[in-house]
Structures are given as structure tokens and as C-alpha cells.
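Heavy-atom basis, side chains included; hydrogens, waters and symmetry copies ignored. Here is the naming used below: chain letters follow the sequence lines, and residue numbers restart at 1 for every chain.
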Amino acid sequence: MITVKNLTKRFGAFTAVDKISFTVSEGDIFGFVGPNGAGKTTTLRILATLSDRTAGEVEIDGRSIFANARQTRKLIGYMPDFFGVYDDLRVNEYLEFYGEAAGCTLGEARRAIPPLLELVGLKEQMNEFVNHLSRGMKQRLCLARALIHEPQVLLLDEPASGLDPRARIELRQILRELQRMGKTIIISSHILSELAQICSHIGIINHGRLPLCGPISEVLALIEGDALIEIGVLEPVEEARLWLLEQQEIKNVTVNHRGNLEIVFSGGQTDQARLLKALTARFPVFYFNPAGNNLEDLFMKITEEAPHENQPPVS
Amino acid sequence: MRINPLLANELRLRMRTWRSFAVVSLYVLALGGFCLFFFTTFTSNMAYGYQDPSYVGQSMFYALTFLQCGLLYFLLPGLTANVITQEKERQTFDLLVCTQLTPWNIVLGKLASALSTVFLLIIASLPLYSIVFLLGGVSPVELIILTAILVISAFNYGSYYLFLSTLFQRSAIAVLASYALSLFLAGGTLLINGLYASLISMRGGYGMPLYYLLLVNPLALLEWLFPEQGQEIIGQLIEMASSSPYPATGALSWLRFWQVSLLVHILLALAALWGASRLVDPLRAKRKKRK
């Protein structure tokens, strides 16, 4: 449904997005992961027709989004990484305004508001002023705004930033519901674990490039191949280190600044459990912490493997 | 007919703040206070001898006109120069662009909302002119011309300031730039002419060759309302500049300075709105830069 081909965006000498290509099928949730300044927002702004590209092409249903930006905006619901609200409006007035601006009649907008507010959990706040809402509520109101004209595609830029854990869980539930409704969603975040739970596909962006892109299961399998595990062992540490080096799934063992052992482990979770069992049988283990699939580890891995290449999707 | 949603929303937002009511109240109070002062002075002067009420009415009309023009001219940058920058500061600008509103919808909706306050001020001041009619000396046509001048000038200058609003990111800078522009148009054009004429006279010459700069001066349009006085002043200027008579003779005898000024202002205002609509469209603006 959405095809991005060699998309490039330069601001003077600085290249914010560098020849990235990916495809998102209808009904998919595509996660865009990358650290701050990686190019996520720039890419989403181009997709939302808020910024022109320097080179490349973006198509929705085979049609260039730049050829008729107004037509494209009908298909897209964009939620930026800021609220963008009028504090002196009530919740329903805010949605009525954006509904009309998006091309609905006032009647259509008014009919669409109650089910939308129910979906995002703001039905009780329908007549409240926007400036009385909490941060999480404002975030959900912005999501409702992006949905008011029933777009096929949702572009969500860091929708969970600044939300407390409960609000994050609620947001995930809403996104799953939207996926069930058949929406195609592109969502950006700098927290991989946050996206891993809801996305069907994922793209890792760094320095404007997309070194890794594909179905979430395949991307995570790549990361899981080399997990970093920190192990705290009481004396004798050196003996434990030598024993660990002899294990089949362990590629390397080092001692970190805390005096703990750090191993590069190539096995899965079952292998980790087996290792822990064997280790505790031999040594007094007080700490065992798989560093997890965090972004830092992932980027270390990706940039080591392909620092300058825009790899094709893994599948 | 469907009302521009941006205009409807802006009107709702404007009417919800105390600022709009304060501006209207202060404006009517200022004009009303002036009328009261004028009327009191007139009635007290009557004790010392007869004064023609129509002469007083006319003087009051002149004074009220200049006061109202001055007040609106002073208020206009503050009312229009921040309409787009406010959206940028509130971070709602991108969201507007993302809708089905065209750049012209956004620009005209914003201009109309800003001018609605100006029109409200003009309408609110109309009852004060009833005092003038009580004294006589002024015809209803003159009041209609004055209202037309105010409305057209508000549209013209509002368009310039709105263009500046699309050009800058911060309201403070846009408002400051708009006040600088308004100062240049009202005072700068006169000053440049005066200085240039002095320079020429110091060198032994005589004239005011830059008089066409005064076409953009807000006072030029007042010739429409006060044709005799306007003709006299402008006639002297043109004679100084080119030794030509004013009004011109022959085929252009019908043409007046204020008409050319009005045409220039309307063309400039349309150009400003066109420029603003280009700047509001992110794709069009960037494409132009890329070329």
C-alpha cells in the first residue's frame, strides 16, 4: 500500500534521510525505530506531505503523494510528536473543527465524535476544555483528531513519549483496535521494546539510513542471536570466566567496570535458562541480567555489520 | 454556503477571551471620551457667542475621522501580524496544513478572522457619528466613504501584515516587523520625501521628485473623503515635483491621486496574499527553494 523508494531529504549540507526504501502493506503496523535525530520525524513529515523530499518517491496505492498532496491528505491521519491543541476549545469543538477542516460536514463530524471518543477513552471528557485534560488525555485526543476523517493510513510520531506506563498500555490497546479496524499504521519510537509488542514490521533508522527492515519476528531473531548478558559471581570470578568460555553458545567473556562478567551469548531463551541452571550449580551467582533487545545493543550490532549500506528488507 | 471552518473556529476563540471585549470597550471609550470632550467644549463656547453648529459638526467629523484612522492604523499590526505565527507557536500550523484546507482557505480564513475584530470596532464606533449628524455639516455619503476607506485600508494593510506573519516563526518578530512597516508607510514615505526635497533645495534645486512614494502613504486615500483639501495638498506636491497641473488635463482629467493609491494598495495586497499562500504550502515553498 505504501511504497517508499530511495527517499532522500537534505537540509543544506546535512542529509537527514538518505535513500531509504521500504514497503508497508495494508493493515500492517510498521514501527520506525531510531535514536533522536535519526530521521524518523523527517520521514514521517514527508509522508504526511508537510515537507518536500530532495529525491526519491513515496506512493500510496501506486500514486505519488506529491502529485496531489490534497488528495493524499484525505488518506492520511497524522499525529505529530507534540500536542497541537487549542486550549480554549472544548474536546467536541476541537474535533468538530478538525473534522470540518478535513472535509467532513458539521453533521458528519458530530456523528463521528462519540464513537471516536469512546475508542480513545475520552467520552466522559467530551464537554471539557482541552486545557483541563492531562497529558495522556491530550495525546489520546490528538489520536482522535487524526482519525476524525476516517483515514486509511495513520502516521504516529512518538505517540507514547511522555506517557506513564498505564497510558502506554492503553495506547497499545487502542492501536491494536485500530489495526483490527483495518488501518495501516506507521509509528515511530526510540524504544524498541515498545514497538516490538504491537508492530508487525519494523525498520531501524540511524543517521538517516535504514540498515534493517522487515517483519518483527525476523528482526528480533537477528538480535536474539547475540544477546549481551551481565553475570555477577562471587569468588572465584576467574574460574567462572574460564568455565563460561568453554560453553558452546558463548562467543566472548569480559569483565566490566563493576567487576561483573559480560558474555556475548548466541542462544535463545531456553539456552539462557540452561546456562543459568548450570552456572548456579557450580558458582555462587548473585546477578544474571540479559541486557535485552535494547536499542543500544541493536545499533551496536547493526552499525558494526553495515555502517554504510542500506540493506534490503530481511524478507 | 459553507463557512470557512478556520474562520468559524477563530471567531469562537476570539470571543472567548477577555482581550476582544477589552479592545472594543477601550476603543469605544476613547472615541466616546473624545466626542464628549468636543461636545462639552462646543456647548461651553456657546455661552460666549453664537457658533454655527454645522461648522462644529464638520470639525468634529474631521477630528473623529483622523482619530479613528490613527487608532485603527495603530491596532491593525497587533491584530493581524500574529495570526499565522500564533498557529506556529501553538504547534497547530502543521495540523492545519494536513487538512483539506487549501493555502488560500488558510490565508483568507485567518485574514477574515483578524479583520472581523476591525469591522467590529468600526461598527461599534458608528453610533458616535450620530452626534455629528445632530450638529449637521456632514452628509451620510461622507460617512459611507469613511467606512469604505476604513474597510479597504484594513484589508490592504492586514494583507501586508499577514504576509509578514507567514514569513516569520515568532509572533513578537512578526508584530515588530509589521509596526516597522506601518511606520515606514505612514511616516517614512513623508520623511524620505522631505529629506530628499531638502537635499535638492540645498543644491539650489526645487521639487519633490519622489512624490509617487506617497501613493503607499495611508493618508493618500483620505483625498477621497476630503477632495478639496486633498486636491490642494497633492496639487502642490505634484507641481513641485513635475510642474504638471493636478488634476491632469486631457484624457486623464478624471484620474485622482487617491484612485491610483487605492489601485496600488489593492495590487500590493493581492500580491501579499498570493505570497502568503505560497509560504503556507510547505511543498510549494520548498519546491521554489529547490529551483
Side-chain angles (χ1 to χ4, degrees), chain A residues 9-12 41 44-55 64-90 93-106 109 129-131 142 145-146 148-149 151 155 157, chain B residues 1-21 82-110 112-113 166 169 171 277-291:
Chain A
K9 176 74 183 179
R10 286 190 203 101
F11 296 100
T41 299
L44 286 184
R45 281 177 61 82
I46 295 171
L47 263 60
T49 69
L50 284 171
S51 180
D52 205 357
R53 82 288 196 206
T54 308
S64 168
I65 64 165
F66 307 105
N68 189 345
R70 199 159 173 236
Q71 193 62 33
T72 305
R73 287 167 191 157
K74 257 187 194 173
L75 305 172
I76 284 173
Y78 173 60
M79 182 180 165
D81 58 348
F82 46 79
F83 293 136
V85 290
Y86 297 94
D87 284 342
D88 293 326
L89 285 184
R90 294 176 196 278
E93 291 168 344
Y94 176 78
L95 292 174
E96 275 170 20
F97 164 57
Y98 277 105
E100 281 196 282
C104 308
T105 62
L106 186 60
F129 277 101
V130 173
N131 60 353
C142 288
R145 178 197 50 72
I148 188 78
H149 59 294
L155 303 173
D157 193 2
Chain B
M1 199 182 75
R2 201 172 162 214
I3 300 171
N4 184 333
L6 194 55
L7 172 62
N9 190 51
E10 281 291 315
L11 290 179
R12 181 152 48 190
L13 285 170
R14 275 173 192 265
M15 287 304 130
R16 274 199 181 146
T17 58
W18 59 269
R19 196 169 153 248
S20 302
F21 294 98
N82 56 3
V83 287
I84 300 284
T85 47
Q86 258 179 3
E87 295 286 345
K88 290 175 188 169
E89 286 168 342
R90 215 165 16 198
Q91 297 185 312
T92 45
F93 181 70
D94 279 353
L95 305 179
L96 284 181
V97 174
C98 253
T99 63
Q100 288 299 297
L101 294 173
T102 62
W104 277 104
N105 285 152
I106 295 174
V107 166
L108 293 179
K110 281 287 174 187
S113 71
T166 56
Q169 298 297 317
S171 291
S277 77
R278 303 280 293 188
L279 289 171
V280 157
D281 185 345
L283 298 184
R284 201 170 280 179
K286 300 287 176 201
R287 207 166 289 154
K288 194 184 164 196
K289 260 188 195 172
R290 214 168 48 181
K291 282 175 186 173

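More than 12 heavy-atom neighbours from other residues, nucleotides or ligands sit within 6.0 angstrom of NZ on K88(B).
Judged by distance alone, with hydrogens and angles left aside, the side-chain atoms of R70(A) form a donor-acceptor pair with the main-chain N or O of Q100(B) at under 3.5 Å.
Of the listed residues C142(A), G84(A), A69(A), the one with more heavy-atom pairs under 4.5 angstrom with chain B than any other is G84(A). In terms of heavy-atom pairs under 4.5 angstrom with chain B, the leader among D87(A), T72(A), V85(A), L106(A) is V85(A).
Interface residue F83(A): only backbone heavy atoms are found under 4.5 Å from chain B.
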side-chain contact (heavy atoms from CB on, under 4.5 Å) between E100(A) and T99(B), intermediate numbers included: CA-CA 9 Å; E100(A) 281 196 282; T99(B) 63; over 6 Å; no
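Residues A48(A) and C98(B) approach most closely at O-SG, 3.7 Å, considering heavy atoms.
Proximity to chain A among residues 90-97 of chain B is limited to R90(B), Q91(B), T92(B), D94(B), L95(B), L96(B), V97(B), judged by heavy-atom separations below 4.5 angstrom.
Rounding to the nearest 0.5 Å places CZ of R12(B) at 11.5 Å from OH of Y86(A). The distance from atom CG of D281(B) to atom CG of L50(A), rounded to the nearest 0.5 Å, is 10.0 Å.
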